[in-house]
Amino acid sequence: RSESSSPLFYLLHINMASGVGVSDEVITVFEEIKMKRAHKFVLFKLNDDLTEIVIDHKSSDPDYATFLNLLPAEDCRYALYDCEFEVDGGGKRAKLVFIVWCPDIAKVKPKMLYAASKDALKK
């Protein structure tokens with residue numbers, strides 16, 4: 001896998017697509033959850049200036065309801081969720097799921113910024 005196709009590469013270069021940067025702590029926690037499974041989920045948000053993605057909340061609580069309750073009703077968030085499931089024939093699997101939470105009643109500017117930044121992350 002080339003360096004330019006890794007998810008971390010796109011976290012570092014997110015500002016090219018939307019003008020929004022990524023804080024160093026976001027990169028650190030991304031590596032913690034990806035490599036060490038240190039957290040069950042992490043919520044990210046844009047800072048007050050709408051210029052940088054920062055950590056909103058991180059948790060090791062395995063209760064999915066806890067995760068859902070932390071998603072704001074009127075604002076956007078990114079989430080990285082460590083989803084564990086069983087497959088046919090036995091055995092457990094785990095996948096990191098990237099979620100973009102943009103409720104319909106969120107303001108337009110944050111919704112547009114989250115969408116533009118999400119596209120940079122998905123590449």
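Put simply, the side chain of Lys40 does not reach to within 4.5 Å of the side chain of Ser59, judged on heavy atoms. Residues Asp82 and His39 form no side-chain contact, since every pair of their non-hydrogen atoms from C-beta on lies 4.5 Å or further apart.
To the nearest 0.5 angstrom, Phe44 atom CZ is 9.5 Å from Lys58 atom NZ. A distance of 10.5 Å separates NZ in Lys95 from SG in Cys83, rounded to the nearest 0.5 Å. Put simply, NZ on Lys109 and CG on Leu50 are 5.5 Å apart, with the number rounded to the nearest 0.5 Å. Atom NZ of Lys111 sits about 7.0 Å away from atom SG of Cys102, to the nearest 0.5 Å. Atom CG of residue Leu46 and atom CZ of residue Arg77 lie 8.5 Å apart, to the nearest 0.5 angstrom. Note: Arg93 CZ to Glu86 CD = 10.5 Å, rounded to the nearest 0.5 Å.
Looking only at distances, a side-chain donor or acceptor of Ser60 sits under 3.5 Å from a matching main-chain atom of Ala38.
Smallest separation of non-hydrogen atoms from Ile55 and Val29: CD1-CG1, 3.5 Å. In terms of heavy-atom proximity, Pro110 sits nearest to Lys107 at CD-O, 3.3 Å.
For the residue pair Asp24 and Thr28, no side-chain donor N or O sits within less than 3.5 Å of a side-chain acceptor on the partner.
For the pairing with Met35, the side-chain contact (heavy atoms from CB on, under 4.5 Å) check across Glu31, Glu32, Arg37 returns one residue only, Glu31.
Linking ILVMFWY residues whenever their side-chain heavy atoms come closer than 4.5 Å, directly or via other members, places Phe98 and Ile33 in the same cluster. In the hydrophobic clustering of ILVMFWY residues, with side-chain heavy atoms under 4.5 Å counting as a link, Val54 and Val42 come out apart.
Atom CG of Asp48 has 12 or fewer neighbouring heavy atoms from other residues, nucleotides or ligands inside a 6.0 Å radius.
Cluster note: Val87 groups with Phe85 through ILVMFWY side-chain heavy atoms spaced under 4.5 Å, whether in direct contact or through intervening members. Cluster partners of Phe41, by chain and number: Leu43, Tyr64, Phe67, Leu68, Leu70, Leu71, Tyr81, Val97, Ile99, Trp101. The rule joins Ile, Leu, Val, Met, Phe, Trp and Tyr whenever side-chain heavy atoms lie under 4.5 Å apart.
For the pair Asp75 and Lys45, the salt-bridge criterion is not met [side-chain N within less than 4.0 Å of a carboxylate O].
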